[in-house]
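For the numbers below, each heavy atom of this structure counts, side chains included, while hydrogens, waters and symmetry mates do not. The chain is numbered in sequence order, starting from 1. Just follow the structure's listing: the first ligand is 1, and inside any ligand the first atom is 1.
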Amino acid sequence: MSQKGSPLYRPIQYLKGVGPSRSEKFARLDVRTGGDLLYHVPHRYEDATTLTPISSLHPGDEATVVGRVVSKGVIPTQKGLRIFRAVIRDDSGVIECAWPGQPWLQRSIDRGDLLLVSGPVKFFHGRQIQPREFTTLEEEGDEDGAAAGGGEVFPVYPATEGLSHRQIRSIVRKNLDELLDAVEEKELFGEAWRSEVGVPHLRDALETLHRPDEPGQVESARRRLAYEELFFLQLMFARARERVRTEGEGRPLDAEPDLTDRLRESLPFELTGAQERAWAEIRGDMESPERMYRLLQGDVGSGKTVVAALAMARAVENGTQAALMAPTEILAEQHARTLAELLEPLGLEAILVTGSLTDAERRDRLAALADGTARVVVGTHALIQEGVEYDDLGLAVVDEQHRFGVEQRRTLREAGRESDTLVMSATPIPRSLALSLYGDLDLSVIDEMPPGRKEVVTGVRGPESREAAFDFLRQKLGEGRQGFVVYPLVEESESLDARSATEMRDRLAARFPEFEVGLLHGRMSAEEKEAVMRRFLDREIQLLAATTVIEVGIDVPNATVMFIEDAERFGLAQLHQLRGRVGRGGEQAYCVAFTEEDPPPERLAAFAATTDGFELARADLRLRGQGDFFGREQHGVPELKFAELERDDDLLRHARERARRIVREDPGLSSPEHRELGRELVERYGDREELYEVG
Ligand code: ADP
Ligand code: MG
């Protein structure tokens, strides 16, 4: 296939109707070649197939009309308001359009322009439309009648200053057929493949997006491009996965269950169905000769730790070591305590390795890891630093909480060339998003809470309710419960943050002189935090003023009240994590999100409406859009331009299955039928692939 002559690779400057000056503007839209232009698809369509002829408009109608401007002018009224008016004409007649208070339109609307206008029809010295919206479909002097020919659905393109959507439309019109001819042979999915997925040929899809006969056709064309995007993302993940499999041998950890049986027997409860499922999947992976690389996802309190403990016991009963890495010292310490409790009946100890060990402690513990006397270790990043060696690491558990990246996961995995990896995430995200974020991992989901949990009663309150809320807090503290008041970080600055948190604490202390009010913020040292937490756990402190440091996991069953100040400044995921700090014992718990915004933002209403993390995550996806969900840099989520995760779950599943099958058959994508897929993969994800590269 020759690329040189293809208009798809031609610099945009040399396409018909472009030239050097416009090509600079196109660059701002990331359109640099003919191919880019073809993929620069409209972001919306003006549907003129349901137009009303101007002659049949009646006062009182809501209407959409298209007409050419025959006269225009600005008219002052007695009150000093200036009205821009334009008379437009279609085949059936004329009508006046009036824009009160917008005299500047005089400069952008000219005689001869073709306008699409929608709004209410009124009677005012004759019929008149006061447009709610209008689009200039074609300007007097547009090179070819941009709106002429090709149906009555007008594509509206993302535009930029100096390059209007009409100019883009006109340029697309001039070049479309040639580009489509060139794309004909770029179709990477054969006919059988396409019909299995249920999507059209690439050429037809692109033609439809640029030149639809009716708006209803656009969706299936979008799905075609969405599938392509999802497929290559999944192909990249499938390759990353394959590398994990081949970088180390893996081995079956299939000894007789001794510790795991005893651990299960010692639990004071039955596992939930979801925990059983997840555990069966994990055990299956561990017993297989291939390396496990799995994500365990579940809401705060859904019981992931217990499942992870089972996996760790499984590793140990096979004669190997198990490590758990947490993103912060506090969380590592908490995990160490929880595991110590769970493993104690088995006669197993969990050692802790963090940055705040003394040199002597560090030396001893690392020695115990290296010679194998330590079987279970919990720690922070300190676990993957230089000089940490394992006798025989069988399982690495990474409690991710969205703080580690691909690279840390890799480093821990590399610590044991044959080890299995289990990543835990407490942020419930929809399956489809999980597959796009963590597509290289297999997925286990705990989507069921242990029985008997009471839902946290949640309210959103304005300033007028503060007194009553704080009275309620006093009552709960008086009953022996504990509570949190959480403040958002001040301007992302830890020192300012510390100061304001301190002020807040002082204010709370003045309000609640009969209780001990503690303080927790990001500027405190690990020991200081630890000391405060311990006092809170021991109930020496009843009320904790805190910034978001508590987000990452203190577990205080007696705490039942969570107040969140300026709640609109937190994301839904964070709010949900904060709420998860209470209601961890048997008592009814309460969460109040304070905001001065009136009405409160939709996000807060969604927060109060459900305690189901997965539902919240879907709401968040809806409200904020997928690109925002966790911040892209942190996760390297590629921008999905066409795919809509909420809607395209079927495409995603298909893409994932297909990609995995292909990579399993042909990891190097070197067979003739896969070579083009490999080339396209490098074009799309060349640099991202390196991130996953090992050795
Ligand atoms: P996560 O790690 O998902 O936040 P944990 O494993 O810490 O959840 O479990 C939260 C609490 O629920 C712990 O106190 C744990 O002992 C308890 N728990 C876990 N699984 C069950 C279960 N199946 N039934 C009852 N309680 C459970
Ligand atoms: Mg836990």
Side-chain angles (χ1 to χ4, degrees), residues 260 263-283 294-314 322 324-328 330-346 350 376 378 395 397-404 422-429 434 443-456 482 533 537 550-560 562 573-589 591 611-614 616-617:
T260 39
L263 176 53
R264 291 196 59 150
E265 279 158 27
S266 71
L267 293 175
F269 46 73
E270 299 281 308
L271 294 184
T272 62
Q275 282 172 315
E276 288 286 6
R277 254 191 324 276
W279 170 228
E281 288 163 355
I282 292 164
R283 204 180 46 214
R294 181 172 286 277
L295 176 68
L296 175 61
Q297 215 209 349
D299 216 338
V300 174
S302 62
K304 294 181 296 298
T305 313
V306 175
V307 173
L310 280 165
M312 294 176 92
R314 187 90 185 106
L324 190 161
M325 182 165 79
T328 65
I330 297 186
L331 200 57
E333 286 156 14
Q334 176 130 22
H335 274 310
R337 277 196 296 276
T338 310
L339 282 177
E341 242 168 70
L342 286 165
L343 301 179
E344 199 256 344
L346 316 181
V376 177
V378 180
L395 172 70
V397 180
V398 184
D399 187 355
E400 184 150 81
Q401 307 240 357
H402 299 291
R403 279 174 177 76
F404 294 120
L422 182 65
V423 180
M424 294 200 285
S425 163
T427 305
I429 52 180
L443 182 60
S444 290
V445 179
I446 305 185
D447 53 2
E448 176 187 354
M449 283 291 180
R453 281 293 151 76
K454 295 197 179 80
E455 287 204 350
V456 178
Q482 289 163 284
M533 273 188 44
L537 268 168
I550 64 158
E551 182 196 339
V552 288
I554 359 175
D555 206 344
V556 184
N558 189 50
T560 61
M562 168 65 66
Q574 264 181 320
L575 290 168
H576 181 64
Q577 294 285 324
L578 287 172
R579 178 167 57 186
R581 297 297 119 215
V582 296
R584 296 174 74 82
E587 294 282 335
Q588 179 62 57
C591 175
T611 56
D612 179 334
F614 286 97
L616 279 177

Can you name the atoms of ligand 1, numbered from 1 with element, that are less than 4.0 Å from a heavy atom of [X]?
X      : result
Asp299 : 3 (O)
Gly303 : 1 (P), 3 (O), 5 (P), 6 (O), 8 (O), 9 (O), 19 (C)
Leu271 : 23 (N)
Glu270 : 22 (C), 23 (N), 24 (N)
Thr272 : 23 (N)

Is the closest side-chain heavy-atom distance between [X] and [Y] below 4.5 Å?
X      : Y      : result
Val307 : Met424 : no
Thr560 : Gln588 : no
Leu537 : Arg337 : yes

Report yes or no: does a heavy atom of Ser302 sit under 4.0 Å from some atom of ligand 1? yes

For Ser444, what residues pass the side-chain contact (heavy atoms from CB on, under 4.5 Å) criterion, not counting sequence neighbours? Ala278, Glu281, Arg294, Leu296

Nitrogen or oxygen atoms of Gly301 and ligand 1 under 3.5 Å apart: yes

Is it true that, when you exclude Glu276 itself, more than 12 heavy atoms of the residues, nucleotides or ligands shown sit nearer than 6.0 Å to its CD? yes

Return the set of residues passing salt bridge (charged side-chain N to carboxylate O under 4.0 Å, His left out) with Arg579 (not counting sequence neighbours), or none when no residue passes. none

